[in-house]
Amino acid sequence: MKMTSFQASLAAALLLTATWLAGPVSAQTQTQPAPARPVAAPAPVPAQPAPAAATQPGAMTAPAPATAAPAAAVPVAATPSKPATDAAVGPVVEAGSTAPKAGIAPAMKELSPWVMFMSADIIVKAVMIGLAFASLVTWTVFIAKSIELSFASARLRSSLKKIAEVRSLAEAQMALGTKEGILPSFLTAALREARMSAGLSSDSGIKERAASSFAEIVRAEQRRIRIGMGFLATIGSTSPFVGLFGTVWGIMNSFIGISKSQTTNLAVVAPGIAEALLATAIGLVAAIPAVIIYNHFSRVTKGYLELVSRASGAAARLLSRDLDRSHGSAHSRAAE
């Protein structure tokens with residue numbers, strides 16, 4: 001009976017010891033992350049009972065507890081597996097591949113003035129060439145008229161200074177010499193009228209006929225000095241509208257191209273509109289200087305025509321002196 005109870009106590013002690021040793025291992029395996037490859041835990045090896053050494057009869061000896069845990073019971077630390085990167089990395093485009101990338105708009109071509117002119121429609125090109133020629137005419141007229149008016153004004157002022165102290169038409173001609181100009185023309189017309197009216201008793205008729213000749217010379221000089229200003233007026237008033245015509249034509253072609261390509265991408269729309277607006281820009285480049293130069297020459301021409309009127313008055317005064325002098329000498333001879 002005692003032997004049976006001893007064996008039962010020894011079995012219970014062994015069962016409690018195995019349960020105590022398996023408790024920490026199960027708790028550790030629950031807290032650690034699951035390894036990539038599960039490792040099968042070996043079955044626990046039951047501990048062999050230690051032989052009982054009875055020193056005294058009837059005395060019970062406590063069983064020796066297991067001091068070493070099974071080595072196989074310790075869980076093996078699993079090496080963390082590397083995360084799969086193939087799914088995160090997108091498809092790699094090979095070097096040298098010419099496949100277009102999605103979402104990238106085609107690059108716009110260079111929009112320099114020369115490129116826009118070369119790629120414009122034939123009508124727009126004709127408008128641009130015409131406006132460029134008109135601008136060239138404007139600056140040519142500006143240079144030519146500036147030189148002409150400056151020389152004419154300087155020569156007329158010099159001639160007026162030379163005849164400021166003369167007493168007759170003959171002396172004025174001698175002072176001026178054989179130079180051509182507006183003042184020598186007045187003097188020549190006055191002498192011709194005095195010679196053709198010799199023997200007439202009415203001085204008023206001679207002066208009226210001389211004034212009529214002077215008026216014709218002034219009108220001729222006005223027409224001559226205004227040559228080229230009509231071009232400036234025409235260019236200044238019509239160039240913006242010609243450029244606008246080129247713009248309307250170019251924008252119309254751009255809308256036609258948009259409807260054919262069925263896209264409103266800026267790379268498709270911008271070049272045609274830029275070419276159309278270039279025509280308006282050239283029209284303004286031709287018109288604005290033409291208007292400014294026309295107004296400038298209007299003031300300069302007005303000043304020059306005032307000098308012409310002074311020259312006409314100087315010639316009329318010399319003619320009047322000659323007529324009075326001739327009548328005075330005739331009266332003196334008649335009195336003698």
Salt bridge check, Arg325 against Asp322: does any charged N sit closer than 4.0 Å to a carboxylate O?
yes
State the CE-CG distance between Met252 and Asp121, to the nearest 0.5 angstrom.
8.0 Å
Other residues, nucleotides and ligands only: do more than 12 of their heavy atoms fall within 6.0 Å of CZ on Arg224?
yes
Donor-acceptor pair, side chain of Ser150 and main chain of Ile147, under 3.5 angstrom
yes
Treating Lys125 as the side-chain partner and Met118 as the backbone partner, does any N or O pair qualify as donor plus acceptor under 3.5 Å?
yes
Side chain of Glu193, backbone of Ala189: donor and acceptor closer than 3.5 Å?
no
Going by the angle between their ring planes, with limits at 30° and 60°, are Phe186 and Phe214 parallel, tilted or perpendicular?
perpendicular
side-chain contact (heavy atoms from CB on, under 4.5 Å) between Gln173 and Thr188, intermediate numbers included:
CA-CA 8 Å; Gln173 277 192 331; Thr188 302; 3.8 Å; yes
Can Arg226 and Glu221 be counted as an ion pair, charged N to O under 4.0 angstrom?
no
Is a donor on one side and an acceptor on the other found under 3.5 Å between the side chain of Thr301 and the backbone of Ser298?
no
Drop me the distance from Ser320's OG to Lys207's NZ, to the nearest 0.5 angstrom.
3.5 Å
Measuring only between side-chain heavy atoms, which start at C-beta, is Tyr304 closer than 4.5 Å to Val300?
no
Answer yes or no: is there a side-chain heavy-atom contact under 4.5 Å between Leu318 and Arg321?
yes
Kindly say whether Leu156 contributes a backbone atom to a donor-acceptor pair with the side chain of Lys161 at under 3.5 angstrom?
no
What about Ile288 and Met229, same hydrophobic cluster or not, with Ile/Leu/Val/Met/Phe/Trp/Tyr joined at side-chain heavy-atom distances under 4.5 Å?
no
Tell me whether Lys162 contacts the main-chain N or O of Arg157 through its side chain, where contact means a donor paired with an acceptor under 3.5 Å.
no
Please check if the side chain of Ser135 supplies one atom and the backbone of Leu131 the other of a donor-acceptor pair under 3.5 Å.
no
Val308 backbone acceptor or donor facing Ser312 side chain under 3.5 Å:
no
Is there a side-chain contact between Ile235 and Tyr294, using heavy atoms and a 4.5 Å cut-off?
no
From Glu275 atom CD to Ile251 atom CD1, the distance as rounded to the nearest 0.5 Å
11.5 Å
Would you give the length of the straight line joining atom CD1 of Ile182 to atom CD1 of Ile225, rounded to the nearest 0.5 angstrom?
9.5 Å
So, Ser158 side chain and Ala154 main chain: donor-acceptor pair closer than 3.5 Å or not?
no
Quick one: pull up CG in Leu323 and CG in Leu169 and give me the separation to the nearest 0.5 Å.
8.5 Å
For residues Val291 and Phe231: do they belong to one hydrophobic cluster (side chain heavy atoms under 4.5 Å, members Ile, Leu, Val, Met, Phe, Trp, Tyr)?
no
When hydrophobic residues are tied together by side-chain contacts of less than 4.5 Å, even through go-betweens, does Ile292 share a cluster with Leu284?
yes
Mind running side-chain contact (heavy atoms from CB on, under 4.5 Å) on Ile256 and Asn253 for me, showing each step along the way?
CA-CA 5 Å; Ile256 293 173; Asn253 289 335; 4.3 Å; yes
Is the Phe245 ring parallel, tilted or perpendicular to the Trp249 ring (thresholds 30°, 60°)?
tilted
Going only through I, L, V, M, F, W and Y residues with side-chain contacts under 4.5 Å, is there a path from Ile129 to Val124?
yes
